[in-house]
Engineer: 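A single structure is presented below for examination.
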Amino acid sequence: METKKIIEDIAWDKVKEEATLHLSNLIKIDTTNPPGRELSACEYLKDILHRENITSEIFVSDDERGNIVSKMEGFENKEPLLLLSHLDVVTAEEDKWEIPPFSGKVIDNFIWGRGAIDCKGLVVQELLVFLLLKRLGISLRHHLIFSATADEEKGGDMGIKWLIDHHFEKIKARYVINEGGVGIKFRGKNFYFVQTAEKGICWFKVISYGTAGHGSIPTDDNSIIHLSQIIDKISKRKKEFKITATAQELLKVFSREFKIPYPIIKLFINVFGLPTLLRLIPDKGVRQMFSAMLSNTFTPTVLRGGAKTNVIPSECEVEIDGRILPDENPEEVFRSLKDHLNKYQIEIVPLETNLATESSCHATFYKVLSGTLRDFDSGSVVVPFMQTGATDSRFLRQKNIECYGFSPFVVDGNHSEYLKMIHGHNEKTSKDNLLFGIK
């Protein structure tokens, strides 16, 4: 029977409820990182796969840090496709949530809890794909690998990076589907963003030095006052906008969609600048996302300084979350910042750095993703985009593996509100979106 007909005949209402149950149960398994403790979630998944006569392996990278891998053989022995996701989640301020973050409560059409979007929802989508392929007996030409890993939220050292270092043959693939894609409604259409690139990490701290003394006698070189000025200068530093390969393709898609010749868009940018173009976007969340895709960003996140109210400290520091574009070099970034802050007595200390990574949006597999989305949403537009944060895809791209962020669903409501849920409060996803991604 033709595969499309098999898919049409699936009892999708039952699949939706099955997926809802698994997501709710996974949310209840607290995998907050640190410490992670993803092993319990791996055992839950292994039990589900075992009941379907699907073999899987759990690789323990550290105490209670688990990574699960399962493989289906393709009859033509072709290079694998890896369905990748992660099991750890960020911390949650429970008192700020309407519904407890690890309750996994299902209210009306929504599953609530930490990880519903990032990224246990994708774990369940990819799990159900695996289960349905097995149940339906669909023959695969390529091998297919399912893997849900540890530690993505803290850098991947105990997760995908550890698997690459110790069991690379278990997850080695030609293509990867990972987190990153999302759909938004705009002018009556669904625009699906497929992640083809992500910015590099450039984390560092700035230490401000001054003269220690008694708090009752102000000094001209108070390290805390200087640090506040440094933070202000970094935050207000003029952005240098750059159109990367992914951004260029994104602009071409919009030129086709809105029937504005691309040369005119380029001319507009050259005359008025990218910030003017960005101001034409009505949704603040989308505007912020595009701005971050087109420039290096530096966001102060952690402050340390002083120990006693009446003591002026000799030093204090701020940690900065820097994200850099392709072809940018962290050393050059640090040198430029030092020049920008040369009037202050400071030290810039790198914390973590890696280069931006990019997969081709002209590759055959990207076209397959685009075509599949249009099959299920005929009027939709598929757009490549650059992830402003980091995902596990960066480690696999460094191994020359094509990776795409593709967790297709349409944001429920305002995009700005959706962005606030990721690593924020009241994270939830709808049953309908969960099912759409599985399909």
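We use all heavy atoms of the structure for the numbers below, so side chains are in, but hydrogens, waters and symmetry mates are not.
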Engineer: Can you confirm whether Lys338 is buried at NZ, in the sense that more than 12 heavy atoms of other residues, nucleotides or ligands lie under 6.0 Å from that atom?
Structural biologist: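 Yes, the 6.0 Å shell around NZ holds more than 12 heavy atoms from other groups.
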
Engineer: Which pair of non-hydrogen atoms, one from Cys361 and one from Tyr366, has the smallest distance, and what is that distance?
Structural biologist: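 Smallest heavy-atom distance, with atoms named: O-CD2, 3.1 Å.
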
Engineer: With a 4.5 Å cut-off on side-chain heavy atoms, are Val382 and Leu369 touching?
Structural biologist: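 SC-SC contact between Leu369 and Val382 ruled out.
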
Engineer: Check whether any side-chain heavy atom of Leu227 sits under 4.5 Å from a side-chain heavy atom of Ile346, and report yes or no.
Structural biologist: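 Counting from C-beta outward, Leu227 and Ile346 never come under 4.5 Å.
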
Engineer: Can you give me the closest heavy-atom contact between Phe365 and Leu81, atom names plus distance?
Structural biologist: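 Of all heavy-atom pairs spanning Phe365 and Leu81, the closest is CZ-CD1, 3.6 Å.
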
Engineer: Using only atom types and a distance under 3.5 Å, with no angle test, would you say the side chain of Ser291 pairs donor to acceptor with the backbone of Gln288?
Structural biologist: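 The answer is no, because no donor-acceptor pair under 3.5 Å joins these two groups.
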
Engineer: Please enumerate all residues that pass salt bridge (Lys or Arg N to Asp or Glu O under 4.0 Å) together with Arg335, with sequence neighbours excluded.
Structural biologist: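 Here the qualifying residues are Glu332.
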
Engineer: For Thr429 and Ile117, indicate whether the former's side chain and the latter's backbone hold a donor-acceptor pair under 3.5 Å.
Structural biologist: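 No; judged by distance alone, with no hydrogens or angles, the pair does not exist.
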
Engineer: Given the rule in the side-chain contact (heavy atoms from CB on, under 4.5 Å) test, do Asp377 and Tyr192 qualify, once you have shown the distances and angles that lead to the verdict?
Structural biologist: CA-CA 10 Å; Asp377 188 348; Tyr192 293 102; 2.8 Å; yes

Engineer: Looking at every heavy atom in both Thr244 and Met386, which two are closest together, and how far apart are they?
Structural biologist: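 Scanning both residues completely, I find the closest heavy atoms to be OG1-CE, 3.7 Å.
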
Engineer: Does a donor on one side chain sit under 3.5 Å from an acceptor on the other, for Glu198 and Thr391?
Structural biologist: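 Per modelled atom types, Glu198 and Thr391 side chains form a pair under 3.5 Å.
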
Engineer: What closest approach, in Å, do Ile27 and Gly113 show between heavy atoms, and which atom pair accounts for it?
Structural biologist: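 Heavy atoms only, the tightest pair is CG2-CA, 3.7 Å.
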
Engineer: Quick check: does any side chain N or O of Lys16 sit under 3.5 Å from a backbone N or O of Leu434, one acting as donor and the other as acceptor?
Structural biologist: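 Checked: no pair found.
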
Engineer: Give, for atom NZ of Lys242 and atom OG of Ser295, the distance between the pair rounded to the nearest 0.5 Å.
Structural biologist: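 Rounded to the nearest 0.5 Å, the NZ-OG separation comes out at 11.5 Å.
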
Engineer: For His425, does its backbone N or O pair with a side-chain atom of Glu93 as donor and acceptor, under 3.5 Å?
Structural biologist: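 Answer holds: no.
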
Engineer: Distance-only, no hydrogens or angles: does the Lys154 side chain make a donor-acceptor pair with backbone N or O of Asn33 under 3.5 Å?
Structural biologist: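 No; judged by distance alone, with no hydrogens or angles, the pair does not exist.
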
Engineer: Would Asp30 and Thr32 count as having a side-chain donor-acceptor pair, cut-off 3.5 Å?
Structural biologist: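 There is such a pair between these side chains.
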
Engineer: Is there side-chain contact between His166 and Phe59, with heavy atoms separated by less than 4.5 Å?
Structural biologist: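 Side-chain contact under 4.5 Å: no.
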
Engineer: Around Lys431, counting heavy atoms of other residues, nucleotides and ligands shown, do more than 12 lie under 6.0 Å from its NZ?
Structural biologist: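 For Lys431, atom NZ is crowded (more than 12 foreign heavy atoms under 6.0 Å).
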
Engineer: Only pairs at least two apart or in different chains count here, so list each side-chain hydrogen bond (donor to acceptor under 3.5 Å, both in side chains) that has a residue in residues 110-121.
Structural biologist: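 Pairs touching residues 110-121 that pass the test: Thr31-Lys120, His86-Asp118, Arg114-Glu427, Asp118-His423.
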
Engineer: Which label fits Phe130 and Phe146: parallel for a plane angle under 30°, tilted from 30 to 60°, or perpendicular past 60°?
Structural biologist: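 Tilted, since the angle between the ring planes falls between 30° and 60°.
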
Engineer: Just how far is it from atom CG of Leu26 to atom CG of Leu127, taken to the nearest 0.5 Å?
Structural biologist: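 Answer rounded to 0.5 Å: 8.0 Å.
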
Engineer: Pick from Thr219, Asp221, Asp220: which one makes a side-chain hydrogen bond (donor to acceptor under 3.5 Å, both in side chains) with Thr211?
Structural biologist: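 For Thr211, the side-chain hydrogen bond (donor to acceptor under 3.5 Å, both in side chains) check succeeds only for Asp221.
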
Engineer: Once you round to the nearest 0.5 Å, how far does OG of Ser430 lie from CD1 of Ile111?
Structural biologist: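 Reported value, rounded in 0.5 Å steps: 7.0 Å.
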
Engineer: Could you walk me through whether Ile171 and Asn67 pass the side-chain contact (heavy atoms from CB on, under 4.5 Å) check?
Structural biologist: CA-CA 11 Å; Ile171 57 167; Asn67 303 274; over 6 Å; no

Engineer: Provide the closest heavy-atom pair for Phe409 versus Gly181 in the form atom of the first, atom of the second, distance.
Structural biologist: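 Residues Phe409 and Gly181, closest heavy atoms: CE2-O, 4.5 Å.
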
Engineer: Identify whether NZ of Lys or CZ of Arg in Lys399 sits under 6.0 Å from the centre of the six-membered ring of Phe168 and within 45° of that ring's axis.
Structural biologist: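 The answer is yes, since Lys399 meets both limits relative to Phe168.
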
Engineer: Find out whether the Lys NZ or Arg CZ of Lys439 is both under 6.0 angstrom from the six-membered ring centre of Phe376 and within 45° of the ring's axis.
Structural biologist: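 Here Lys439 fails the 6.0 Å and 45° test against Phe376.
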
Engineer: Output yes when a side-chain donor or acceptor of Ser228 lies under 3.5 Å from a complementary backbone atom of Ile225, and no otherwise.
Structural biologist: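 Confirmed, Ser228 side chain pairs with Ile225 backbone.
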
Engineer: Does Asn310 reach the main-chain N or O of His214 with its side chain, forming a donor-acceptor pair under 3.5 Å?
Structural biologist: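 Judged by distance alone, no pair lies under 3.5 Å.
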
Engineer: Taking 4.0 angstrom as the limit, do Glu417 and Lys420 come out as a salt bridge?
Structural biologist: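 Lys420 and Glu417: salt-bridged.
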
Engineer: Checking side-chain contact (heavy atoms from CB on, under 4.5 Å) for the pair Lys428/Ile107: CA distance, chi angles, key distance, verdict?
Structural biologist: CA-CA 10 Å; Lys428 62 183 181 295; Ile107 302 175; over 6 Å; no

Engineer: Would you say Ser61's side chain and Gly159's backbone share a donor-acceptor pair under 3.5 angstrom?
Structural biologist: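 Checking the backbone N and O of Gly159 against the side chain of Ser61, no donor-acceptor pair under 3.5 Å is found.
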
Engineer: Does Asp151 come within less than 4.0 Å of Arg65, counting only side-chain N to carboxylate O?
Structural biologist: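 A salt bridge links Asp151 with Arg65.
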
Engineer: Looking only at atom types and distance, does a side-chain atom of Ser147 sit under 3.5 Å from a main-chain N or O of Ile68, one as donor and one as acceptor?
Structural biologist: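 Flag set: sc Ser147 to bb Ile68 pair under 3.5 Å.
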
Engineer: So which of Ile264, Thr276, Leu251 actually passes side chain to side chain contact (heavy atoms under 4.5 Å, CB included) with Ile269?
Structural biologist: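 Of Ile264, Thr276, Leu251, side chain to side chain contact (heavy atoms under 4.5 Å, CB included) with Ile269 is met by Leu251 alone.
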
Engineer: Can you tell me if His362 and Ser360 form a side-chain donor-acceptor pair at under 3.5 Å?
Structural biologist: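 No, no side-chain donor-acceptor pair sits under 3.5 Å.
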
Engineer: Would you compute the distance between atom CG of Asn296 and atom CZ of Phe241 and round it to the nearest 0.5 angstrom?
Structural biologist: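 The CZ atom of Phe241 is 11.0 Å from CG of Asn296, to the nearest 0.5 Å.
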
Engineer: Is it true that Arg304 and Glu319 have a side-chain N and a carboxylate O under 4.0 angstrom from each other?
Structural biologist: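 Salt bridge present between Arg304 and Glu319.
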
Engineer: By the definition ring-ring contact (aromatic ring centres under 6.0 Å, His included), identify the one residue from Tyr262, Phe268, Phe385, Phe191 that meets it with Phe254.
Structural biologist: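 Of Tyr262, Phe268, Phe385, Phe191, ring-ring contact (aromatic ring centres under 6.0 Å, His included) with Phe254 is met by Phe191 alone.
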
Engineer: Does atom CG of Asp232 have more than 12 heavy-atom neighbours from other groups under 6.0 Å away?
Structural biologist: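 Check passes, neighbour count above 12.
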
Engineer: So do the side chains of Tyr418 and Ile184 get within less than 4.5 Å of each other, counting heavy atoms only?
Structural biologist: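 A side-chain contact under 4.5 Å is absent here.
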
Engineer: Check whether any side-chain heavy atom of Lys199 sits under 4.5 Å from a side-chain heavy atom of Thr297, and report yes or no.
Structural biologist: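 Heavy-atom side-chain distance check passes, below 4.5 Å.
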
Engineer: Work out which heavy atom in Pro384 is nearest to a heavy atom in Leu250; give both atom names and the distance.
Structural biologist: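 Distance-wise, the nearest heavy atoms are O-CD1, 3.3 Å.
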
Engineer: Name every donor-acceptor pair, under 3.5 Å, that has one atom in a side chain of residues 201-210 and the other anywhere in the protein, sequence neighbours excluded.
Structural biologist:
residue: Trp203; atom: NE1; partner: Asp321; partner atom: OD1; Å: 2.9
residue: Ser208; atom: OG; partner: Ser223; partner atom: O; Å: 2.9
residue: Tyr209; atom: OH; partner: Glu347; partner atom: OE1; Å: 2.7

Engineer: May I ask you to test the His167-Trp162 pair for a side-chain heavy-atom distance under 4.5 Å?
Structural biologist: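 In short, these two side chains touch, coming nearer than 4.5 Å.
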
Engineer: Does the distance from a Lys or Arg side-chain N to an Asp or Glu carboxylate O, for Lys161 and Asp392, drop under 4.0 Å?
Structural biologist: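 Between Asp392 and Lys161 there is no salt bridge, as every charged N stays at least 4.0 Å from the carboxylate O atoms.
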
Engineer: Any side-chain heavy atom of Leu341 sitting closer than 4.5 Å to one from Ile234?
Structural biologist: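 Leu341 vs Ile234: side chains touch.
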
Engineer: State, yes or no, whether a side-chain contact exists between Lys172 and Pro80 at a heavy-atom distance under 4.5 Å.
Structural biologist: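 With C-beta onward as the side chain, the pair stays apart.
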
Engineer: If you count every heavy atom of other residues, nucleotides or ligands that lies below 6.0 Å from Asp108 atom CG, does the total exceed 12?
Structural biologist: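 No - once you tally the heavy atoms of other residues, nucleotides and ligands closer than 6.0 Å, there are 12 at most.
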
Engineer: Do any N or O atoms from the side chain of Gln125 and from the backbone of Ser407 form a donor-acceptor pair under 3.5 angstrom?
Structural biologist: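 Not a single qualifying donor-acceptor pair exists.
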
Engineer: Centroid-to-centroid, Phe258 to Phe186, below 6.0 Å?
Structural biologist: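 Yes, the ring centres sit under 6.0 Å apart.
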
Engineer: With side-chain contact (heavy atoms from CB on, under 4.5 Å) as the criterion, how do His142 and Arg174 come out once you've worked through the C-alpha distance, each side chain's angles and the decisive distance to 0.1 Å?
Structural biologist: CA-CA 10 Å; His142 290 254; Arg174 178 69 185 89; over 6 Å; no

Engineer: Does atom CD of Glu257 have more than 12 heavy-atom neighbours from other groups under 6.0 Å away?
Structural biologist: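 Enclosed: over 12 neighbouring heavy atoms sit under 6.0 Å from CD of Glu257.
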
Engineer: Say you draw a straight line from OG1 of Thr149 to CG of Leu84; how long is it, rounded to the nearest 0.5 Å?
Structural biologist: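 One gets 5.5 Å once the value is rounded to the nearest 0.5 Å.
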
